[in-house]
Amino acid sequence: MTVLVLGDQLTRRHGPVARREDERVLMIEASAFAHRLPYHPHKLTTVFSAMRHFRDECRAEGRTVDYHRVETFADGFAAHFDAHPDDELVVMRPASHGTAERLHELVADAGGTLTVVENEAFLCSPADFDEWVGDADRLKHERFYRFMRRETGYLMDGDEPVGGEWNYDEENRETPPEDYDSPEPPAFEIDETTAEVHEWVRETFDGGYDDPPYGGDWADPAWNGDSFPWPVTRRQACHALDTFATERLDRFGHYQDAMRDSEWALQHSLLSTALNLGLLHPAEVVERVVEEYESRDVPLNSVEGFVRQVLGWREFLRHVYRREMPELADANQLGAAEDLPEFYWTGETDMACLSDVIDGVRARGYSHHIERLMVLSNFALTYGVEPAQLNRWFHAAYVDAFHWVTTPNVVEMGLFGAGVFATKPYASSANYVDRMSDYCSGCPYYKTKTTGDGACPFNALYWDFLGRNEDELRSNHRMGLVYSHWDDKDEDEREEIRDRAAEIRELAESGDL
């Protein structure tokens, strides 16, 4: 039997690779897969470099690794079974919908057999999650998070949460002072393998699409030839974890929702890419952070906030995706139909918040979760972007993005597309951006104006969103207060808002927003 290792299952400590130490390993690097979307060059470099490093590390341990660089997975399987007729493959179940079934077909067509086993890169099994859900008609993250705390014992004192509270989110909404200087984010030496992959990515995926954006040309990757911001080996991933635990964890909670135009990383862990590739396991990440809390004076709100992201949110979304696909990918309960504005690819807008966040994505394939939710998704939500279009952009743009990650985060949480677990749309005017960032002070748009020249687009779009979706949203018990403010506006005010929202869409379509 041969162990098939996919590009997001790069672990030697879990699954069949760990248990079948004497078995051959098969890896397929398929370039056609990377042509499906205009992926960020950092993402392609990270995935392919990590795969090649994993191959080399396995070989250094004495493992036999068959590594095929081919156009398609079908080509890779054909080459493998030509060399090893009637071989049996085993693989951990892929997280993305339909992939296991497609692999079964490809292997069968090539003359082999495939066994799919449980994916051990997560903490909660499908069976445990489904048993927890039972006959509930709505999935609730907070309940699941408490369930996982009890099941794992992380941050528990017997049957009660350490500190007496399950959730310290109220303490995690501070903004840093003007003279704040966050720790320098980790950067990794570019070795020969990563340099070779980067050059190959630049040459291979630098165009070739029928419609804009073309290949990776939309991005403007920060690449100085000396360092790379994302870990591509197990050793680098462990260093990133240690750096977060010792240098960034203390103030992570306080500033996790903050946004600053001069600080792209703040105190964030920057571990999502390593986790999603399998270089780190969620258990070791959570345990490292809890260990730091237990060994020194780290604020509990920082530790709990991080544990909630990994133990709660990441595991929760994986199972939401598993249970709700394929319908979730095309969900659009508000009937949003606008095209994604071109400036999501270029960053060319006068809106300071959008311009800075998009430029950060173009440079690094990354922004933190509040920038994703309350700037990028918030604008698309209030503008009326079709959810599938924004999901496609996130999937292509972010270095840590996989379909199982982006789809529930973008379609459901960001754009309120399905009503599976989101209890309200996360729509906001300029007030939220102003409260949690320093963007508004340097923006040519006026945060306090809703209509008229120079009015912040977020304001008119927010009220227009409430107005055009009133039939769907007014009955939502969490929307009562905002609709009471909508009720205070007379018809003339509402007409001015609708006109301003229409003007904003015209400006966005023409590239003049």
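One-based numbering along the sequence shown. Predicted, not measured: the structure shown is a model, and the values here were computed from it.
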Do other residues, nucleotides or ligands put more than 12 heavy atoms under 6.0 Å from [X] [atom1]?
| X | atom1 | answer |
| --- | --- | --- |
| D488 | CG | yes |
| F147 | CZ | yes |
| E284 | CD | yes |
| D22 | CG | no |

If you compare all heavy atoms of [X] against all heavy atoms of [Y], which two are closest, and at what distance to 0.1 Å?
| X | Y | value |
| --- | --- | --- |
| V162 | R149 | N-NH2, 4.1 Å |
| T11 | M92 | CG2-CE, 4.2 Å |
| C124 | R318 | O-NH1, 3.1 Å |
| A331 | V411 | O-CG1, 3.8 Å |
| R150 | M156 | CG-CE, 4.1 Å |

Handout entry: Within the 6.0 Å centroid threshold, strictly below: F402 and F394
Key =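 Not close enough - the centres of the two rings lie 6.0 Å or further apart.
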
Exercise for the section: Flag the pair H40 / Y366 as yes when their ring centroid distance falls below 6.0 Å, and as no otherwise. Expected result: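 Between Y366 and H40, which both carry aromatic rings, the centre distance is not below 6.0 Å.
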
To the nearest 0.5 Å, how far apart are [atom1] in [X] and [atom2] in [Y]?
| X | Y | atom1 | atom2 | answer |
| --- | --- | --- | --- | --- |
| H268 | I370 | NE2 | CD1 | 8.0 Å |
| M374 | M259 | CE | CE | 7.5 Å |
| L415 | L334 | CG | CG | 9.0 Å |
| Q267 | E247 | CD | CD | 10.0 Å |
| L473 | W486 | CG | CH2 | 12.0 Å |
| S31 | D75 | OG | CG | 8.5 Å |

Without hydrogens or angle criteria, can the side chains of [X] and [Y] be said to hold a donor-acceptor pair below 3.5 Å?
| X | Y | result |
| --- | --- | --- |
| E338 | Q389 | no |
| T450 | Y462 | no |
| H80 | D87 | yes |
| N276 | T273 | no |
| S125 | D128 | yes |

If the threshold is 4.0 Å, N to carboxylate O, is there a salt bridge linking [X] and [Y]?
| X | Y | value |
| --- | --- | --- |
| E120 | R13 | no |
| D130 | R323 | yes |
| R296 | D250 | yes |
| D464 | R505 | yes |
| R288 | D242 | yes |
| R12 | E57 | yes |

Exercise for the section: Sequence neighbours left out, what pairs pass salt bridge (charged side-chain N to carboxylate O under 4.0 Å, His left out) with at least one residue falling in residues 365-382? Expected result: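 Listed by first then second residue: R372-D400.
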
Problem - Name of the residue among F306, Y145, F144, F421 meeting ring-ring contact (aromatic ring centres under 6.0 Å, His included) with W313 - result: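 For W313, the ring-ring contact (aromatic ring centres under 6.0 Å, His included) test succeeds with only one of F306, Y145, F144, F421, which is F421.
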
Practice task
Any pair with a residue in residues 86-122 that passes ring pair (Phe, Tyr, Trp, His ring centres under 6.0 Å), sequence neighbours left out, goes on the list, sorted by first then second residue, please.
Solution key: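 Passing the test, one end in residues 86-122: F122-W404.
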
Exercise for the section: Would you verify whether the NZ or CZ of R364 falls within 45 degrees of the ring axis of W264 while also being under 6.0 Å from that six-membered ring's centre? Expected result: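 The answer is yes, since R364 meets both limits relative to W264.
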
Exercise for the section: State which residues pass side-chain contact (heavy atoms from CB on, under 4.5 Å) with E160; sequence neighbours excluded, sorted by chain then number. Expected result: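 Not a single residue meets the side-chain contact (heavy atoms from CB on, under 4.5 Å) criterion with E160.
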
Handout entry: Sole candidate of T72, L4, D109 that passes side chain to side chain contact (heavy atoms under 4.5 Å, CB included) when paired with F77
Key =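 Of the listed residues T72, L4, D109, the side chain to side chain contact (heavy atoms under 4.5 Å, CB included) partner of F77 is L4.
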
Handout entry: Parallel, tilted or perpendicular: ring planes of Y39 versus H395, cut at 30 and 60 degrees
Key =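 Judged by the thresholds at 30° and 60°, the geometry between Y39 and H395 is perpendicular.
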
